[in-house]
**Student:** 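Here it is: the structure, laid out below.
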Amino acid sequence: MRSLRLAAVLLAVFTGSLALALAQGDSRHSGYQDMGPALRKMQDDDTANPAMLFVQSGEALWSQKAGAAGKSCADCHQHATVSMKGVAARYPAVAGETGEPVDLEGRINLCRTNHQQAPALATESDELLGLSAYVALQSRGQPIAPPNDVQLAALRAKGAEIFRQRQGQLNLSCANCHDDNPGKKLAGATIPQGHPTGYPIYRLEWQALGSLKRRLRNCVVGTRAEAWPFDAAEYLALESYLMERARGMAMDAPGVRP
Amino acid sequence: MKRMLCALLLLLPGLASAQQDSMPSLTGKPGDPTRGRAIVANRSVGLCLLCHSAPIPEERFQGNLAPNLAGSGSRATPDQLRLRVVDAARLNPDTIMPPYYRVDGLTRVARNFQGKTILTAGQIEDVVAYLASLKE
């Protein structure tokens with residue numbers, strides 16, 4: 001029964017994104033399509049996808065009371081399956097409380113500090129990744145839909161600029177690989193188009209779940225450029241640009257990657 | 001007319017190679033092709049196999065972003081090969097091939113690599129000697 005439902009969801013995700021791609025003559029595709037059948041199967045099968053273990057702990061955290069306010073996420077947002085549908089597909093977004101753009105992890109931490117009055121969860125901690133994976137799962141199959149907001153437009157423009165800027169001792173830009181050479185082999189790795197559809201991902205090389213930021217950091221370090229600190233505005237700019245670049249593509253988080 | 005064109009075509013590459021298509025030895029000493037092969041094969045030293053393939057069968061995962069290095073020595077002179085490894089951007093400003101012996105004009109280089117070239121002059125000479133030995 002469960003696997004039937006899963007198959008139906010997967011079929012919907014697949015035909016949905018395919019229909020969109022065909023309609024637009026769109027050659028964009030998720031890194032999922034660049035993987036071999038074994039890894040695709042691992043991502044597709046919730047009982048084999050290692051990210052689902054983190055999703056389960058995220059689901060548990062969702063209804064666990066925390067902080068001085070003694071509230072859980074569920075106390076404000078009730079059922080994530082309803083309230084969080086499509087949410088991950090539109091982040092980064094501007095937070096109401098601060099008027100500043102945040103990514104999904106940042107948004108979760110704003111709820112922690114403001115509404116639960118609990119300490120922020122550490123960057124790349126199992127708790128934060130678990131919650132964001134649980135929230136991202138509710139957007140499976142949903143089209144990426146970045147909000148229209150002038151502040152975000154400025155951030156995206158900055159992200160686009162960084163994406164095209166050559167950097168590091170190897171003097172490579174993101175675009176050199178992801179716009180100009182996707183599908184080619186960089187040693188053993190197929191260069192993906194670099195779309196953020198599947199984050200957070202379980203990466204076999206990490207043996208862990210990791211955020212989009214961690215992925216970007218790996219690419220920056222790969223060019224032998226100075227990695228920005230985790231809270232740098234540059235990541236937010238790149239994430240915003242990548243989501244815009246992937247507008248309309250179907251979310252397939254939590255992904256598995258080599 | 002036709003003959004003039006032929007003469008021009010013959011002349012052009014000659015001029016280019018005299019001025020900018022090649023570069024003399026960086027050390028004045030011949031490089032060692034065996035050491036050069038090891039540098040090319042090493043993914044964290046030469047990094048060449050990230051993008052290129054080369055006749056180094058024991059290295060399994062080789063890139064295909066760039067021309068196969070097999071036969072390099074038949075296609076170019078050692079001086080021409082040297083310029084391509086030192087700074088391929090001098091021939092093609094849009095190239096993705098990293099500049100192996102240049103420190104200026106780079107952006108946001110990581111602290112541990114600042115002011116350093118990717119390879120040393122001696123390593124470049126070893127790599128050039130190896131490439132020159134790859135005859136087809």
Side-chain angles (χ1 to χ4, degrees), chain A residues 34-36 38-39 158-194 204-205 213-214 216-230 232-238 257-258, chain B residues 39-54 56-69 84-120 123-124 127:
Chain A
D34 295 317
M35 303 194 299
L39 285 180
K158 186 176 173 220
E161 200 180 293
I162 300 173
F163 195 81
R164 294 192 187 97
Q165 166 78 55
R166 287 185 183 247
Q167 54 175 324
Q169 192 192 37
L170 304 188
N171 202 31
L172 291 167
S173 70
C174 315
N176 281 155
C177 287
H178 297 293
D179 279 350
D180 302 341
N181 287 293
K184 298 236 178 92
K185 288 281 185 198
L186 184 73
T190 303
I191 298 180
Q193 293 178 351
L204 300 180
E205 194 182 308
K213 221 175 270 188
R214 182 168 177 193
L216 301 186
R217 224 180 140 84
N218 273 215
C219 281
V220 170
V221 168
T223 67
R224 298 189 175 176
E226 188 68 31
W228 298 287
F230 262 105
E234 281 83 357
Y235 293 118
L236 209 54
L238 276 172
R257 293 290 182 272
Chain B
I39 293 165
V40 169
N42 190 316
R43 274 142 221 272
S44 48
V45 179
L47 314 158
C48 315
L49 299 185
L50 290 182
C51 297
H52 293 274
S53 294
I56 303 182
E58 70 274 18
E59 286 297 325
R60 279 183 61 223
F61 298 107
Q62 308 194 357
N64 66 5
L65 291 179
N68 196 314
L69 294 177
R84 279 151 184 79
V85 180
V86 163
D87 189 5
R90 293 202 212 167
L91 297 163
N92 170 14
D94 297 325
T95 189
I96 59 165
M97 175 146 161
Y100 279 87
Y101 198 67
R102 159 155 80 89
V103 289
D104 57 324
L106 303 175
T107 313
R108 289 190 4 83
V109 175
R111 226 161 283 147
N112 47 329
F113 294 113
Q114 266 170 29
K116 294 181 190 148
T117 56
I118 304 171
L119 295 178
T120 64
Q123 285 174 316
I124 301 261
V127 167

**Student:** Which atoms form the tightest heavy-atom contact between R108(B) and E226(A), and what is the distance?
**Tutor:** NH2-O, 2.8 Å
**Student:** Taking the side chain as everything from C-beta on, heavy atoms only, tell me whether R224(A) gets closer than 4.5 Å to L47(B).
**Tutor:**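 Result yes, sub-4.5 Å side-chain heavy-atom pair found.
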**Student:** Heavy-atom distance under 4.5 Å to chain B: side chain of V221(A), backbone, both or neither?
**Tutor:** neither
**Student:** What part of L49(B) lies closer than 4.5 angstrom to a heavy atom of chain A: side chain, backbone, both or neither?
**Tutor:** backbone
**Student:** Could you check whether any side-chain N or O of Q169(A) sits under 3.5 Å from a backbone N or O of V109(B), counting only pairs where one atom can act as donor and the other as acceptor?
**Tutor:**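 Checking the backbone N and O of V109(B) against the side chain of Q169(A), no donor-acceptor pair under 3.5 Å is found.
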**Student:** Output yes when a side-chain donor or acceptor of N64(B) lies under 3.5 Å from a complementary backbone atom of K185(A), and no otherwise.
**Tutor:**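 Yes; judged by distance alone, with no hydrogens or angles, the pair exists.
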**Student:** What residue, out of T223(A), L186(A), D180(A), I191(A), has the most heavy-atom pairs lying under 4.5 Å from chain B?
**Tutor:**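 That would be L186(A).
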**Student:** Counting only heavy atoms closer than 4.5 Å, note whether T117(B) contacts chain A via side chain, backbone, both or neither.
**Tutor:**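 It is the backbone, since no side chain atom gets that close.
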**Student:** Who pairs with Y235(A) by ring-ring contact (aromatic ring centres under 6.0 Å, His included), at least two apart in sequence or on another chain?
**Tutor:**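 By the ring-ring contact (aromatic ring centres under 6.0 Å, His included) rule, Y235(A) matches W228(A).
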**Student:** Just to verify, what does D179(A) make a salt bridge (Lys or Arg N to Asp or Glu O under 4.0 Å) with, not counting sequence neighbours?
**Tutor:**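 Listed in chain order: R245(A).
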**Student:** Pick one of side chain, backbone, both or neither for R102(B), based on which atoms fall under 4.5 Å of a heavy atom in chain A.
**Tutor:**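 The side chain, not the backbone.
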**Student:** Taking all non-hydrogen atoms of both residues, which atom of L172(A) and which atom of I96(B) are closest, and how far apart?
**Tutor:** CD2-O, 3.3 Å
